Amino acid sequence: MQYPLNITFKILALARQLSVTEASGQLAMYVRMKMLKLKEEVQVFADKERTRQLFTIKADRVIDFSAKYNFIDASGAPLGAVKRRGMKSLWKSHYDIFESGEEAVMTIQEENPWVKVMDAIFGDIPVIGFFAGYVFHPVYLVTDTSGKTVMKLKKLPAFFEGKFEIEKLEEMDPQTETRILLSLLMMLLLERSRG
């Protein structure tokens with residue numbers, strides 16, 4: 001994939017959905033969260049017409065604050081998982097990325113939690129809140145077990161839609177890259193639903 005990747009989603013859409021495009025403008029992934037499911041399920045497609053499914057992301061339990069979201073490829077093989085750290089994520093978003101088993105291999109954390117707080121407060125002010133997308137821009141860092149930042153996701157200025165950009169800072173194998181991208185996409189869907 002050609003970085004940086006751009007993520008866009010409509011704020012007013014009924015079903016949560018987002019598009020991931022490469023730097024060249026080519027669609028890399030189209031993500032759609034199924035509505036009205038007790039166990040959250042997200043489908044990742046190669047096209048907007050949803051004809052070629054690439055991955056499925058499934059929660060391991062009924063709607064829960066600390067559910068683990070497992071990644072499954074089109075052939076049914078597991079790719080890893082992401083899990084929100086319950087109480088630790090109330091102030092500063094914190095997610096663990098798993099390869100297999102229960103040992104986290106990477107983490108996703110907000111760079112500065114005050115930015116998200118100010119974004120939420122500013123967004124709730126009548127009329128002025130329309131401009132919230134142009135003022136505060138949260139940044140999320142993906143780090144490995146040694147503490148080295150390997151990817152960065154940041155919010156971009158936008159009206160009536162969410163816009164984010166993913167930068168790849170270190171080289172990695174394709175499976176690790178896919179696992180991180182799926183984790184970031186799931187984190188974005190969860191964070192948007194929590195405000």
Side-chain angles (χ1 to χ4, degrees), residues 3-11 16-20 29 31 33 40 42 44 57 59-60 63-71 80-99 102-125 128-170 172 176-195:
Y3 286 83
L5 299 178
N6 292 298
I7 301 171
T8 57
F9 59 91
K10 302 291 180 207
I11 292 173
R16 284 179 272 172
Q17 52 197 324
L18 51 91
S19 299
V20 181
M29 294 182 217
V31 182
M33 184 176 245
E40 291 174 319
V42 175
V44 181
I57 305 172
D60 67 345
I63 301 169
D64 184 20
F65 191 64
S66 298
K68 190 175 195 179
Y69 296 88
N70 298 299
F71 311 136
V82 66
K83 182 177 181 179
R84 186 174 203 239
R85 279 206 198 163
M87 295 302 285
K88 196 169 191 174
S89 286
L90 283 176
W91 165 245
K92 183 177 183 179
S93 293
H94 189 122
Y95 290 79
D96 290 321
I97 302 172
F98 301 88
E99 190 172 315
E102 295 301 313
E103 183 106 9
V105 292
M106 295 197 180
T107 60
I108 305 170
Q109 288 188 42
E110 278 179 271
E111 190 174 54
N112 182 354
W114 281 107
V115 174
K116 185 174 75 174
V117 171
M118 295 307 295
D119 185 40
I121 292 170
F122 195 75
D124 287 339
I125 299 172
I128 296 171
F130 287 120
F131 302 101
Y134 272 89
V135 180
F136 300 102
H137 309 292
V139 174
Y140 300 88
L141 304 174
V142 180
T143 55
D144 62 15
T145 52
S146 69
K148 183 192 295 183
T149 303
V150 295
M151 273 196 196
K152 179 165 62 167
L153 173 117
K154 63 181 175 183
K155 184 179 176 188
L156 301 174
F159 258 139
F160 302 116
E161 66 180 355
K163 277 190 170 184
F164 291 83
E165 181 181 85
I166 298 175
E167 278 182 66
K168 183 169 137 181
L169 306 174
E170 296 289 330
M172 62 195 77
T176 300
E177 184 177 341
T178 299
R179 190 177 302 115
I180 293 171
L181 289 175
L182 292 173
S183 297
L184 288 170
L185 295 174
M186 192 66 220
M187 182 208 67
L188 270 179
L189 290 169
L190 291 171
E191 291 298 311
R192 289 306 298 173
S193 71
R194 292 187 174 104

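Everything numeric in this text was worked out from a predicted model, so none of it was measured. Just so you know, these numbers use all the heavy atoms, side chains as well, and skip hydrogens, waters and symmetry mates.
- With sequence neighbours left out, Lys83 forms a salt bridge (Lys or Arg N to Asp or Glu O under 4.0 Å) with no residue at all.
- Distance check: Leu18 CG to Thr8 OG1 gives 7.5 Å after rounding to the nearest 0.5 Å.
- Atoms CE and CD1, from Met29 and Ile7 in turn, are 8.5 Å apart once rounded to the nearest 0.5 Å.
- The nearest pair of heavy atoms linking Met187 to Tyr95 is CG-CE1, 3.2 Å.
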Test side chain to side chain contact (heavy atoms under 4.5 Å, CB included) applied to Leu5 and Leu181, step by step: CA-CA 10 Å; Leu5 299 178; Leu181 289 175; 3.7 Å; yes
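- Scanning both residues, Met106 and Thr176, for their nearest heavy atoms gives CE-CG2, 3.7 Å.
- Among residues two or more places apart in sequence or in another chain, the side-chain hydrogen bond (donor to acceptor under 3.5 Å, both in side chains) test is passed with Glu165 by none.
- Residues passing the side-chain hydrogen bond (donor to acceptor under 3.5 Å, both in side chains) test with Ser19, sequence neighbours excluded: none.
- For Glu102, the salt bridge (Lys or Arg N to Asp or Glu O under 4.0 Å) test picks out Lys68, with sequence neighbours left out.
- Rounded to the nearest 0.5 angstrom, Leu189 CG and Arg16 CZ are separated by 6.5 Å.
- Of the inter-residue distances, the one linking Met186 atom CE with Arg84 atom CZ reads 11.0 Å to the nearest 0.5 angstrom.
- A distance of 5.0 Å separates CG in Leu184 from CD1 in Ile166, rounded to the nearest 0.5 Å.
- Closest non-hydrogen pair, Ile97 versus Ser183, comes out as CG1-OG, 3.5 Å.
- For Lys148, the side-chain hydrogen bond (donor to acceptor under 3.5 Å, both in side chains) test picks out no residue, with sequence neighbours left out.
- Taking all atoms of both residues into account, the shortest heavy-atom contact from Asp96 to Ala104 is CB-CB, 3.8 Å.
- When the side chain to side chain contact (heavy atoms under 4.5 Å, CB included) test is applied to Leu141, the partners found at least two apart in sequence or on another chain are Glu111, Val139, Thr149, Lys152.
- Of all non-hydrogen atoms in Tyr3 and Glu167, the two that sit nearest each other are CD2-C, 4.3 Å.
- By the side-chain hydrogen bond (donor to acceptor under 3.5 Å, both in side chains) test, Thr178 pairs with no residue at all, sequence neighbours left out.
- Among all heavy-atom pairs drawn from Ala59 and Tyr69, the shortest one is CB-CE2, 3.6 Å.
- The line from CZ of Phe164 to CG of Leu156 is 8.0 Å long, rounded to the nearest 0.5 Å.
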